[in-house]
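Proteins get letters first, then strands, A, B, ... in listed order; numbering begins at 1 in each. Because only heavy atoms are used, hydrogens play no part in the values below, and waters and symmetry mates are left out as well, while side chains stay in.
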There are 2 protein chains.
Amino acid sequence: MKKRGHAAQPSLSCSPSGSGESDLRPVEGEVADQELATLTKALGHPARVQIMRLLVRRETCVCGDIVDELPLAQSTVSQHLKVLKEAGLIKGEIDGPRVCYCVEPRTLRRLKSLVGSL
Amino acid sequence: MKKRGHAAQPSLSCSPSGSGESDLRPVEGEVADQELATLTKALGHPARVQIMRLLVRRETCVCGDIVDELPLAQSTVSQHLKVLKEAGLIKGEIDGPRVCYCVEPRTLRRLKSLVGSL
DNA sequence: TCTGCGTATCGTAATCTAACGATAGGCGGA
DNA sequence: TCCGCCTATCGTTAGATTACGATACGCAGA
């Protein structure tokens with residue numbers, strides 16, 4: 001947990017935008033099943049759950065601090081971030097020398113709908 | 001999808017009981033994270049999502065018909081059932097010569113709470 | 001331009017997963 | 001008792017996942 005001292009500025013390049021529009025896609029059927037499987041699979045690892053919690057808690061973006069919060073090597077964390085990003089659960093924006101991650105509210109809402117449909 | 005002709009009797013040996021009591025366990029923290037990871041991992045496969053849907057749709061138990069509904073070998077389906085059972089998402093009761101599966105409402109509710117806490 | 005910091009990617013090894021066929025076990029009916 | 005059906009388990013193979021260190025890349029400041 002070594003500090004790096006740049007967590008103060010909340011450069012919210014990715015805003016909590018789009019927190020209102022509803023999702024018209026169906027929550028059942030073959031496509032929805034595949035989607036639910038993909039999303040839950042992406043979330044199906046303790047490290048990735050932890051990352052999601054980090055990003056949800058602080059609503060602003062979180063930059064490289066994520067690595068400091070997990071007991072994993074930098075390259076491993078980067079891979080987990082990639083999995084979440086490919087599933088559409090998070091989004092990464094380049095902010096100068098570093099990258100800022102934040103949740104993708106649309107996808108998270110979608111996941112909740114799909115799980116809720118069970 | 002070959003029929004086997006015993007889907008008529010709805011022998012509900014596992015009732016939709018316990019659909020009311022609330023869950024007092026926390027939805028955050030290390031234990032909850034691990035739990036969420038385990039549950040989502042168990043659900044993170046199209047075949048298992050499909051099985052869950054089957055069991056949720058018909059509220060009664062579903063016996064061996066599950067194999068007929070999926071394009072997989074019997075042994076493979078049995079393994080997926082085992083994964084879901086070990087995660088606590090479903091329950092299997094022996095009903096004479098066959099086994100009846102049904103969802104475990106408590107765990108399903110728990111999953112929804114955990115996902116909802118994100 | 002050069003250096004340093006933060007991140008992604010590569011390469012690799014160990015482990016886990018998914019799928020199948022074959023086989024074992026348990027119960028009910030003949 | 002024996003036979004047949006249904007399910008679980010075993011053994012195996014191919015492929016995916018997880019983790020790490022090493023390395024490459026890109027941007028800002030000296």
Please set out all donor-acceptor pairs under 3.5 angstrom arising from side-chain atoms of residues 71-79 of chain A, sequence neighbours excluded.
none

Leu70(B) and Ala47(B) have their tightest heavy-atom pair at CD1-O, 4.2 Å
In numerical order, the residues of residues 44-52 of chain A whose heavy atoms come under 4.0 Å of DNA chain D are His45(A), Arg48(A)
Derivation and outcome, side-chain contact (heavy atoms from CB on, under 4.5 Å), residues Val49(B) and Leu43(B) | CA-CA 6 Å; Val49(B) 169; Leu43(B) 203 56; 4.2 Å; yes
Can you find a pair of side-chain heavy atoms, one from Leu118(B) and one from Leu36(B), that are under 4.5 Å apart?
-> yes
Do Val83(A) and Leu39(B) belong together in a cluster built from hydrophobic side chains that touch within less than 4.5 Å?
-> no
Between dT17(C) and Lys41(B), is there an OP1 or OP2 to side-chain N/O distance shorter than 4.0 Å?
-> yes
Which residues share a salt bridge (charged side-chain N to carboxylate O under 4.0 Å, His left out) with Glu104(A), sequence neighbours left out | Lys91(A)
Among residues two or more places apart or on two chains, list those pairs meeting salt bridge (Lys or Arg N to Asp or Glu O under 4.0 Å) that have a residue in residues 70-90 of chain B.
-> none
Which heavy atom of Pro46(B) sits nearest a heavy atom of Ala37(A), and at what distance?
-> N-CB, 3.4 Å
Whether each nucleotide of nucleotides 25-30 of chain D has a protein heavy atom under 4.0 Å at its base (B), only at its sugar-phosphate (S) or at neither (-) is summarised, 5' to 3', as --SS--
Give the rounded distance in Å between these two atoms: CG of Leu70(A) and C1' of dT18(D).
-> 14 Å
To the nearest Å, give me how far apart CG (Asp65(B)) and P (dT7(D)) are.
-> 8 Å
Taken to the nearest 0.5 Å, the spacing of Leu55(B) CG from Leu81(B) CG works out to 7.5 Å
Within residues 71-84 of chain A, residues whose heavy atoms come under 4.0 Å of DNA chain C | Gln74(A), Ser75(A), Ser78(A)
Quick one: pull up CG in Leu108(A) and CD1 in Ile90(A) and give me the separation to the nearest 0.5 Å.
-> 11.5 Å
Phosphate-side-chain proximity, Tyr101(B) and dC6(D), N/O vs OP1/OP2 below 4.0 Å | no
Which nucleotide sits closest to the side chain of Lys85(B): dA8(D), dA8(C), dT17(D)?
-> dA8(D)
Rounded to whole Å, the CD-P distance (Glu86(B) to dA18(C)) equals 12 Å
Which pairs pass side chain to side chain donor-acceptor pair (under 3.5 Å) with one or both residues in residues 30-50 of chain B, sequence neighbours excluded?
-> Arg53(A)-Asp33(B), Arg25(B)-Glu35(B), Gln34(B)-Thr38(B), Glu35(B)-Arg110(B), Arg48(B)-His80(B)
